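Model, not experiment: these values are computed from the prediction. Reckoned from all heavy atoms, side chains included, excluding hydrogens, waters and symmetry mates.
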Amino acid sequence: MFRKILIANRGEIAVRIMRSLREMGIRSVAVFSDVDRSSLHVRMADEAEHVGPSPSAESYLRIDRILDAARKHGAEAIHPGYGFLSENAEFAAACEDAGIVFIGPSAQSIRAMGSKTAARRTAIAAGAPVVPGTDQAATLEDVRGFARSHGFPVLLKAVAGGGGKGMRRVDTESELESAYRNASSEAERAFRDPAIYVEKLVENPRHIEIQVIGDRHGNMVHLGERECSIQRRHQKVMEECPSPLVVLHPEMRQAMGEAAIRAAAAAGYYNAGTVEFLVDRERRFYFLEMNTRLQVEHPVTELVTGLDVVKMQIEIAAGARLHLRQEQIEWRGAAIECRIYAEDPYNDFLPFPGKITRLERPLGPGVRIDGCMYAGWTVPMEYDPLLAKLAVWAVRREEATDRMIRALGEYDVGGIRTNIGFFRQILEDTGFRAGQLHTGFIEEFFRRHRPPLPGRDLAEVAALAAALHTLGRNGGGGDSHAAPGPDPWLAAGRSGLLR
Amino acid sequence: MKLQVAINGIEETIEILAPAPDCRFRLGQDAERGAEVQVPEPGVYSVLMGGRSYDARVEEHPNRLVIALQGYRFEVAVRDPRRLSHGDARRGRQAIESIASPMPGRVVRVLVAPGDAVETGQGLVVVEAMKMQNEMKSPRAGRVLSVAAREGATVTAGEVLATVE
């Protein structure tokens with residue numbers, strides 16, 4: 001087993017990985033940029049190395065500096081976390097060349113699954129179902145021909161894509177040409193690759209993914225599914241295991257699990273990875289893509305299976321055989337995760353970095369937090385706004401939902417703005433509770449939702465607290481707050497929405 | 001002490017008849033109420049009223065306070081009615097519009113200079129935070145009066161970037 005591992009990441013995932021390392025008796029090496037000197041991952045690590053200025057292109061994305069840090073500290077392996085260099089085949093290869101183990105799949109597997117069209121071809125060759133579409137970059141004429149034979153609506157996607165960039169829904173032939181041009185130029189800007197391909201659009205699908213993990217001796221198992229249909233702007237915000245749909249149709253887990261293993265095996269895959277599927281209303285599932293790394297939402301799988309995916313990744317990277325056969329894996333209870341972001345849900349979810357002045361975390365039965373916050377820490381403006389993942393476990397989904405509402409109510413982050421208040425009404429929604437989920441859920445929820453009104457006693461206490469706060473601050477003078485102009489949020493009548 | 005408050009846009013008066021901790025107050029036309037108030041941490045108000053326990057958290061935003069209470073959110077603007085006669089409250093409606101940053105971040109581009117003519121919705125300044133760029137647009141057609149934003153500078157939420165008249 002390794003004695004020392006460098007973590008080529010920051011934030012909550014670096015902290016998460018360090019926790020497993022500490023339990024395994026492995027020393028951890030943190031890397032950090034200028035602005036992250038006081039971040040929790042540096043404070044928690046056994047060793048730490050500065051790798052450059054704050055912009056990630058000059059620090060966390062610098063392969064040479066990360067490898068120099070690993071050599072200097074004598075790290076035998078590197079865990080890349082997610083994001084940054086985690087799906088960079090060149091980095092995986094550079095680690096190998098430097099004699100340092102990359103904790104993840106081979107560079108060849110990353111390449112085989114890296115481009116969306118290459119991944120589609122791999123999946124098709126493995127017999128996994130895919131949404132009808134072109135398997136190569138398509139010209140405008142190709143797209144037109146495809147749409148005529150398969151019918152509208154269709155979805156244009158960037159070959160190099162991710163995060164919804166270069167993606168366009170097209171409903172009619174008249175929109176096609178300009179949509180193609182816009183998608184292509186957006187892809188060019190985002191990925192320096194204008195190539196576009198086309199798929200038949202699946203209306204209001206569910207997003208269900210399968211966690212796979214394999215060793216370097218040809219053994220692979222799946223750890224079941226995660227439902228990630230609750231998304232905003234193509235980004236996941238809540239995930240759960242098991243999927244409420246799979247609970248009703250248990251045969252889906254085996255069918256999707258086997259398809260995921262076939263697709264991963266076709267890419268010669270080892271270590272942890274996630275195969276994403278779209279599921280339509282008739283419960284047909286289609287291969288979407290494979291993420292060749294640890295996934296943000298892995299805690300829900302861990303809560304339900306009792307496994308530590310990060311530990312398994314490290315053991316496998318050290319050459320160990322999988323110690324579990326498929327039939328030994330069990331799923332118990334239900335887990336839900338909410339992603340806590342530094343963003344203002346009252347202002348179009350704009351990012352809101354800054355200094356955390358007050359922090360109270362939920363505790364008590366069935367609560368897990370993977371985070372990197374502490375009171376007094378300044379959330380930097382340079383990186384992703386993910387601050388923490390709040391996950392809960394309970395025997396039944398209904399109880400887990402109530403537990404999440406309880407835990408969110410205990411979570412208090414002062415000084416910055418977060419989306420903590422955003423989740424509650426989704427969790428109380430009857431559609432959510434019935435497990436009727438799809439990727440358009442949040443959009444549709446906002447259209448139909450009417451927020452409940454608070455009682456008069458709450459208005460009294462709010463007014464009292466505001467008055468005392470103002471008087472206390474001004475020594476009784478009052479009026480530090482000028483009269484407000486018309487507030488667009490109030491005008492929109494959404495005052496109680498994010499209760 | 002009588003204060004004018006706007007709670008989620010609705011105007012009310014709150015009269016503080018006795019200060020904390022053994023507070024007596026009256027909101028609008030409601031009956032006078034007694035409340036025992038403690039401040040366990042700055043910005044946190046623990047209120048016992050009518051046998052119930054309330055934990056209100058106060059956050060300071062530009063021009064208003066935001067109170068989080070039992071999962072609800074109240075936007076409250078407080079002012080002293082004795083100062084209202086000057087008409088300050090209406091000053092925001094005049095011919096000069098300030099464009100403020102809605103988030104803390106860094107100015108990545110300044111698209112206009114003082115004196116430029118602008119259309120409604122035209123981009124003025126681009127602010128970036130956490131990998132997201134946000135273009136501040138002109139709320140009206142007119143002329144750029146001033147540009148306070150400098151490329152590369154950090155800004156706070158509510159900081160004025162430019163004015164348009």
Consider side-chain contact (heavy atoms from CB on, under 4.5 Å). Of B:Arg33, B:Gln70, B:Met49, which one does A:Val461 pass it with? B:Met49
Measure distances from B:Thr154 to the heavy atoms of chain A and classify the residue's part below 4.5 Å as side chain, backbone, both or neither. side chain
Where is the tightest heavy-atom contact between B:Met130 and A:Pro385, given as atom of each residue plus distance? SD-CB, 3.5 Å
In Å, rounded to the nearest 0.5 Å, how long is the span from CG of A:Leu464 to CZ of B:Phe25? 4.5 Å
Measure distances from B:Pro42 to the heavy atoms of chain A and classify the residue's part below 4.5 Å as side chain, backbone, both or neither. backbone
By a 4.5 Å heavy-atom criterion (distance strictly below it), what part of B:Leu27 contacts chain A: side chain, backbone, both, or neither? both
Do NZ/NE/NH1/NH2 and the carboxylate oxygens of B:Arg52 and A:Glu460 come within less than 4.0 Å? no
Evaluation steps, side-chain contact (heavy atoms from CB on, under 4.5 Å), between B:Tyr54 and A:Asp457: CA-CA 10 Å; B:Tyr54 303 87; A:Asp457 60 325; 2.6 Å; yes
Heavy-atom contact with chain A under 4.5 Å, split by part of B:Val47: side chain
Determine whether A:Met381 and B:Met103 make a side-chain contact, defined as any pair of heavy atoms from C-beta on separated by less than 4.5 Å. no
Where on B:Val39 is there a heavy atom nearer than 4.5 Å to chain A: the side chain, the backbone, both, or neither? neither
Of the listed A:Thr357, A:Ile416, A:Asp384, A:Asp412, the one with the largest count of heavy-atom pairs under 4.5 Å with chain B is A:Asp412
Side chain, backbone, both or neither: which part of B:Asp55 has a heavy atom under 4.5 Å from chain A? neither
Any side-chain heavy-atom pair of B:Ile67 and A:His469 under 4.5 Å: no
If one checks every heavy atom of A:Tyr383 against chain B at 4.5 Å, the contacting part turns out to be backbone
Taking the side chain as C-beta and beyond, is there a heavy-atom pair between B:Met132 and A:Glu343 under 4.5 Å? no
Derivation and outcome, side-chain contact (heavy atoms from CB on, under 4.5 Å), residues A:Arg417 and B:Val66: CA-CA 11 Å; A:Arg417 297 180 205 168; B:Val66 171; over 6 Å; no
B:Leu65 versus A:Ala466, closest heavy-atom pair with distance: CD1-O, 3.7 Å
Taking atom CZ of A:Arg456 as the centre, report whether more than 12 heavy atoms of other residues, nucleotides or ligands fall under 6.0 Å from it. yes
Name the region of A:Glu360, side chain, backbone, both or neither, that has any atom closer than 4.5 Å to a heavy atom of chain B. side chain
Can you give me the closest heavy-atom contact between A:Phe352 and B:Pro102, atom names plus distance? CE1-O, 4.2 Å
Taking the side chain as C-beta and beyond, is there a heavy-atom pair between A:Leu471 and B:Leu3 under 4.5 Å? yes
If I compare all heavy atoms of A:Pro353 with all of B:Pro104, which pair ends up nearest, and what's the gap? O-CG, 3.2 Å
If you take all heavy atoms of A:Ala465 and B:Val58, which pair is closest and at what distance? CB-CG2, 4.2 Å
Bottom line for B:Ala129: the part with an atom under 4.5 Å from chain A's heavy atoms is both
pair B:Arg106-A:Glu382: side-chain heavy atoms closer than 4.5 Å: yes
Enter the distance from A:Leu468:CG to B:Met1:CE here, rounded to the nearest 0.5 Å. 11.0 Å
